[in-house]
2 protein chains.
Amino acid sequence: MTNTDRSPDTPDIQRSAPVAGGRPTKQRLAVANVLDSFDDFRSAQEIHALLGTKGENVGLATVYRTLQLLADAGEVDVLRTEEGEAAYRRCSDTHHHHLVCRTCGATVEVEGPAVERWTKSIAAEHGYRDISHTLEIFGTCASCS
Amino acid sequence: MTNTDRSPDTPDIQRSAPVAGGRPTKQRLAVANVLDSFDDFRSAQEIHALLGTKGENVGLATVYRTLQLLADAGEVDVLRTEEGEAAYRRCSDTHHHHLVCRTCGATVEVEGPAVERWTKSIAAEHGYRDISHTLEIFGTCASCS
DNA sequence: AAACAGATTGAGAACCGTTGTCAAACCGAG
DNA sequence: CTCGGTTTGACAACGGTTCTCAATCTGTTT
């Protein structure tokens with residue numbers, strides 16, 4: 001076994017962290033990749049559809065599995081919509097919230113340093129650690145009124 | 001099924017708020033009643049089962065419908081567990097949020113006047129009307145750390 | 001390079017909570 | 001009591017998510 005020839009055939013990879021504790025398969029990379037194409041929360045099915053339009057055909061079950069994997073690894077954030085669906089997005093340092101029109105779906109990203117501080121202090125006050133929170137604002141936008 | 005408008009109005013009979021905008025039927029009273037027997041959040045199915053053990057047999061669909069009615073009327077609080085199920089409980093008139101332990105489920109009610117104000121101003125600032133919002137704080141409580 | 005053992009995938013079935021269907025039961029009014 | 005709209009309940013339908021399992025792919029060993 002003295003033959004450890006690392007042929008220079010570096011496909012592509014080198015993306016942002018493959019998939020924690022798993023194999024960087026084509027499908028997983030595709031999912032990890034598509035997660036970079038949007039900033040807001042998308043449902044697993046939307047992500048699956050998105051992959052479809054990009055030519056990357058990945059089974060729905062695989063999308064779910066990969067998303068859970070990423071979520072467990074803390075690489076993506078998960079939240080439940082009011083209808084109970086899970087929505088995912090790449091976990092970013094810039095934490096922000098969404099103001100969503102319940103009629104047309106128009107979304108505005110908003111930041112609320114005050115809210116961040118408030119939730120942290122409230123949680124600490126009650127001895128809770130490892131805090132996370134979800135805050136979504138729903139309303140009817142100007143053009144839908 | 002087509003019209004759930006508030007009935008003309010009931011002259012006198014109407015003590016402890018029956019079920020907003022509907023008939024105070026046996027089933028609805030049973031659901032409203034069982035809601036007083038616990039303080040934490042219970043799923044619709046648990047509530048249905050609870051009714052069963054009390055001899056009050058109410059159809060599952062009716063339990064769901066009644067719960068939604070009560071929720072719309074603001075008489076009960078609804079929240080989505082992390083698994084996506086809806087959980088209900090009788091609620092206080094005051095609008096508040098929850099600090100939930102993601103391990104044991106212990107819940108603390110918190111109020112945030114500042115947050116209420118913030119969401120309203122943000123929404124108004126962007127021309128959104130008829131605002132509502134959801135805010136849940138998740139963490140690990142002291143005893144689960 | 002060929003073979004292996006185990007991880008991964010995908011199509012569809014299975015699950016589960018929730019909502020819709022619709023005839024029968026029910027309620028309050030007249 | 002009768003009438004018309006409301007409500008109910010058994011069950012089908014739904015939509016999202018998970019499970020099943022044979023076929024496929026991967027990294028490693030031979």
Side-chain angles (χ1 to χ4, degrees), chain A residues 1-7 9-13 18-32 41-52 56-73 76 78-88, chain B residues 1-14 18-32 41-52 56-73 76 78-88:
Chain A
M1 296 80 145
T2 27
N3 190 353
T4 320
D5 74 299
R6 294 280 184 226
S7 41
D9 61 344
T10 317
D12 45 315
I13 1 172
V19 173
R23 291 180 184 171
T25 66
K26 196 173 304 180
Q27 293 87 339
R28 288 181 183 175
L29 288 176
V31 173
F41 284 90
R42 300 293 178 91
S43 72
Q45 313 233 14
E46 284 179 309
I47 291 171
H48 174 244
L50 237 172
L51 283 166
E56 297 281 5
N57 258 59
V58 181
L60 180 57
T62 299
V63 172
Y64 273 104
R65 280 185 293 235
T66 303
L67 249 15
Q68 286 184 327
L69 233 79
L70 291 168
D72 287 344
V76 297
V78 194
L79 78 66
R80 290 279 175 176
T81 67
E82 291 193 323
E83 297 82 46
E85 308 174 88
Y88 309 78
Chain B
M1 320 337 200
T2 36
N3 192 347
T4 318
D5 283 5
R6 60 185 121 284
S7 46
D9 78 296
T10 319
D12 24 42
I13 309 174
Q14 178 185 354
V19 173
R23 290 180 184 170
T25 66
K26 197 173 303 181
Q27 292 88 339
R28 289 182 182 175
L29 288 176
V31 172
F41 284 89
R42 300 292 177 88
S43 72
Q45 312 232 18
E46 284 179 309
I47 291 172
H48 175 244
L50 238 172
L51 282 165
E56 298 280 4
N57 257 61
V58 181
L60 180 56
T62 300
V63 172
Y64 272 104
R65 281 186 293 236
T66 304
L67 250 14
Q68 286 184 327
L69 234 78
L70 290 168
D72 287 344
V76 297
V78 193
L79 78 67
R80 289 279 175 176
T81 67
E82 292 196 325
E83 295 82 49
E85 306 174 89
Y88 309 78

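Not measured: the values here are computed from a predicted model. Any value given below was found using the heavy atoms of this structure, including those in side chains, with hydrogens, waters and symmetry copies removed. Below, chain A is the first sequence line, B the second, and so on; all start at residue 1.
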For a quick test of reading the model, state the closest non-hydrogen atom pair linking B:Tyr88 to B:Val76 and the distance between them.
CD2-CG2, 4.2 Å
Examine the base of C:dG20 for any acceptor or donor lying under 3.5 Å from a partner atom in the side chain of B:Arg65, and report the outcome as yes or no.
no
Counting only side-chain N and O atoms of A:Thr25, is one of them less than 4.0 Å from OP1 or OP2 of C:dT8?
no
Atom-pair distance (CG on B:Asn57; P on D:dG9), nearest Å:
8 Å
Side-chain contact check for B:Tyr64: nearest option of C:dG17, D:dA10, D:dG16 is C:dG17
Which heavy atom of A:Ala30 sits nearest to which heavy atom of A:Val58, and what is that distance?
CB-CG2, 4.3 Å
Whole Å only: how far is the CG atom of A:Leu51 from the P atom of C:dT9?
12 Å
Comparing B:Lys26 and B:Ser43 on DNA chain C - which has the more 5′ nearest nucleotide
B:Ser43
How far apart are the closest heavy atoms of B:Ala44 and B:Tyr64, and which atoms are they?
CB-CE2, 3.5 Å
Once you round it to whole Å, what is the distance between C1' of C:dC16 and CZ of A:Arg80?
12 Å
Separation of atom CG in A:Leu67 from atom C1' in C:dT9, rounded to whole Å
16 Å
State whether A:Gln27 places a side-chain N or O below 4.0 Å from either non-bridging phosphate oxygen (OP1 or OP2) of C:dT8.
no
B:Thr66 side chain near B:Gln27 side chain, heavy-atom distance below 4.5 Å
no
A:Gln68 vs D:dT18: side-chain N/O to OP1/OP2 distance below 4.0 Å:
yes
Output the rounded distance in Å from CD (B:Glu56) to P (D:dG9).
11 Å
A:Arg28 side chain: which of C:dT9, D:dT17, D:dG9 is closest?
C:dT9
Using whole Å, report how far CG of A:Leu29 lies from C1' of C:dT9.
14 Å
Nearest to the side chain of A:Ala61 - D:dC11, C:dG12, C:dT18?
C:dG12
Rounded to the Å, how far apart are B:Leu60 CG and D:dA10 C1'?
11 Å
In whole Å, what is the span from the CG atom of B:Asp72 to the P atom of C:dT19?
11 Å
Answer whether the closest heavy-atom distance between the side chains of A:Arg28 and A:Val31 falls below 4.5 Å.
no
Nearest listed nucleotide, side chain of B:Gln45, among C:dT18, D:dC19, C:dT9
C:dT18
